[in-house]
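In this chain, residues are counted from 1 in sequence order. What you see is a predicted model, and the numbers here were worked out from it, not measured in a lab. We use all heavy atoms of the structure for the numbers below, so side chains are in, but hydrogens, waters and symmetry mates are not.
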Amino acid sequence: MISAQDVAKLRAKTDAGIMECKTALTECNGDFDKAVDWLREKGMAKAAKKSDRIASNGRIGLYNHMNQGLISVMVEVNCETDFVAKTDKFIELVNNLAMHIAASRPEYLRREDVPEQVVNKEREIAKAQAIEEGKPEAVANKIVDGRLEKFYKEVCLEEQEYVKNPDITIKDLVNEATMQTGEKIAIRRFVIYEVGEGLEKRNWNE
């Protein structure tokens, strides 16, 4: 039997509606972790249905690490209506994304944004390493694919593990926001500013 306490616990974890939480627990025979995954999968399905909708409202989030002025981030997150853009939940999402970007330093938004020459270079390096390790050609190719997946998870914002909850990716986080708001939520762009980036550092010991 699904208790009200179980439903409340799942709702606190996922922000899903009461009936959705009750359905998830029922479908998963009361298994809390499976119910969380069930809700996330449903959220991704709903998000996919909304992917073609236009999200032209939103906010620009700003993050200044430790208020020291050494690392700053700007990120634009879009939604469909001005109403959602002004909600506390959406503002919190945008601020959390800016903080995550400052902490994880992604280079691209999604894997489709990674230039072909960068991917080819990573593939060459991974294959050379595999061959150097004595792996046969067929095995080396599989290792290359695995290392490329790891590379994407390191440099692409949507595929990174969320710093506040490594059990989900940034894409999962955005999909959950889409499920909760009923609107398409999308990260449009971001930029990282770091003091001294690209400048030659003086060695004061010389």
Peer 1: Holding to side chain to side chain donor-acceptor pair (under 3.5 Å), I want the full list of residues that pass it with Arg147, two or more places apart in sequence or in another chain.
Peer 2: Gln129, Glu133
Peer 1: Treating Thr178 as the side-chain partner and Val174 as the backbone partner, does any N or O pair qualify as donor plus acceptor under 3.5 Å?
Peer 2: yes
Peer 1: With rounding to the nearest 0.5 angstrom, report the CD to CD distance, Glu154 to Glu161.
Peer 2: 10.5 Å
Peer 1: Hydrophobic clusters here meaning ILVMFWY residues chained together by side-chain heavy-atom distances under 4.5 Å, can you tell me if Ile91 and Ile185 are in one?
Peer 2: no
Peer 1: Can you name the closest pair of heavy atoms from Phe90 and Val84 and give their distance?
Peer 2: CB-O, 3.2 Å
Peer 1: Are any non-hydrogen side-chain atoms of Val119 and Tyr152 less than 4.5 angstrom apart?
Peer 2: yes
Peer 1: Can you tell me if Glu76 and Asn78 form a side-chain donor-acceptor pair at under 3.5 Å?
Peer 2: yes
Peer 1: Who pairs with Glu124 by side chain to side chain contact (heavy atoms under 4.5 Å, CB included), at least two apart in sequence or on another chain?
Peer 2: Lys121
Peer 1: Going by side chain to side chain donor-acceptor pair (under 3.5 Å), name the residues that satisfy it together with Tyr63, two or more places apart in sequence or in a different chain.
Peer 2: His65
Peer 1: Given side chains that start at C-beta, do those of Ile71 and Val195 come closer than 4.5 Å, heavy atoms only?
Peer 2: no
Peer 1: Looking at CG of Asp172 and OH of Tyr162, how far apart are the two atoms once the value is rounded to the nearest 0.5 Å?
Peer 2: 12.0 Å
Peer 1: Around atom CG of Asn120, are there more than 12 heavy atoms from other residues, nucleotides or ligands closer than 6.0 Å?
Peer 2: yes
Peer 1: Would a hydrophobic clustering, with Ile, Leu, Val, Met, Phe, Trp and Tyr connected at side-chain separations under 4.5 Å, put Phe151 with Ile143?
Peer 2: no
Peer 1: Any chance you could measure Lys9, atom NZ, to Leu25, atom CG, to the nearest 0.5 Å?
Peer 2: 10.0 Å
Peer 1: Report the C-alpha separation of Thr169 and Lys153 in whole Å, then their side-chain angles, then the decisive distance to 0.1 Å, and conclude whether the side-chain contact (heavy atoms from CB on, under 4.5 Å) test is met.
Peer 2: CA-CA 9 Å; Thr169 65; Lys153 290 177 182 178; over 6 Å; no
Peer 1: Measure across Lys164 and Asn96 and return the closest heavy-atom pair with its distance rounded to 0.1 Å.
Peer 2: NZ-OD1, 3.0 Å
Peer 1: Within this structure, what is the CG-NZ distance for the pair Asp82 and Lys86, rounded to the nearest 0.5 Å?
Peer 2: 4.0 Å
Peer 1: Any chance you could lay out the side-chain contact (heavy atoms from CB on, under 4.5 Å) test for Val118 and Tyr108, step after step, and finish with the verdict?
Peer 2: CA-CA 12 Å; Val118 173; Tyr108 309 96; 3.9 Å; yes
Peer 1: Could you measure the distance from the CG atom of Asp37 to the CD1 atom of Ile168? Nearest 0.5 Å is fine.
Peer 2: 11.5 Å
Peer 1: Do Ser3 and Asp6 get their side chains close enough for a donor-acceptor pair, meaning under 3.5 Å?
Peer 2: yes
Peer 1: Verify side-chain contact (heavy atoms from CB on, under 4.5 Å) between Cys79 and Thr181, making sure each step is shown before the conclusion.
Peer 2: CA-CA 9 Å; Cys79 57; Thr181 63; over 6 Å; no
Peer 1: Measuring only between side-chain heavy atoms, which start at C-beta, is Glu176 closer than 4.5 Å to Gln180?
Peer 2: yes
Peer 1: Quick one: list whatever passes side chain to side chain donor-acceptor pair (under 3.5 Å) with Glu159, sequence neighbours left out.
Peer 2: Arg111
Peer 1: Determine yes or no for a side-chain-to-main-chain donor-acceptor pair under 3.5 angstrom, with Glu158 supplying the side chain and Lys171 the backbone.
Peer 2: no
Peer 1: Going hydrophobic residue to hydrophobic residue with side-chain gaps under 4.5 angstrom, can you get from Val114 over to Leu148?
Peer 2: yes
Peer 1: Take Phe190 and Leu97 through the side-chain contact (heavy atoms from CB on, under 4.5 Å) test and state the conclusion after the steps.
Peer 2: CA-CA 10 Å; Phe190 67 89; Leu97 285 169; over 6 Å; no
Peer 1: Val163 and Ala103: which non-hydrogen atoms are nearest, and at how many Å?
Peer 2: CG1-CB, 4.2 Å
Peer 1: Side chain of Glu183, backbone of Thr81: donor and acceptor closer than 3.5 Å?
Peer 2: yes
Peer 1: Looking at residues at least two apart in the chain, or sitting in another chain, which of them share a side chain to side chain contact (heavy atoms under 4.5 Å, CB included) with Glu107?
Peer 2: Val155
Peer 1: Is atom CD of Gln117 surrounded by more than 12 heavy atoms (other residues, nucleotides or ligands) closer than 6.0 Å?
Peer 2: yes
Peer 1: Flag the pair His100 / Ile170 as yes when at least one side-chain heavy-atom distance between them is below 4.5 Å, and no otherwise.
Peer 2: yes
Peer 1: What residues join Met74 in its hydrophobic cluster, counting side-chain heavy atom gaps under 4.5 Å, either direct or through other members?
Peer 2: Ile60, Leu62, Val191, Tyr193
Peer 1: For Pro106 and Ile192, work out which heavy atoms get closest and say how close.
Peer 2: O-CD1, 3.8 Å
Peer 1: Mind checking whether Cys156 and Leu109 have side chains closer than 4.5 Å, heavy atoms only?
Peer 2: no
Peer 1: Rounded to the nearest 0.5 Å, how far does CG of Asp33 lie from CH2 of Trp38?
Peer 2: 16.0 Å
Peer 1: Is it true that Lys34 and Glu27 have a side-chain N and a carboxylate O under 4.0 angstrom from each other?
Peer 2: no
Peer 1: With a 3.5 Å distance limit and no angle check, can you tell me whether Glu80 reaches the backbone of Lys184 through a side-chain donor-acceptor pair?
Peer 2: yes
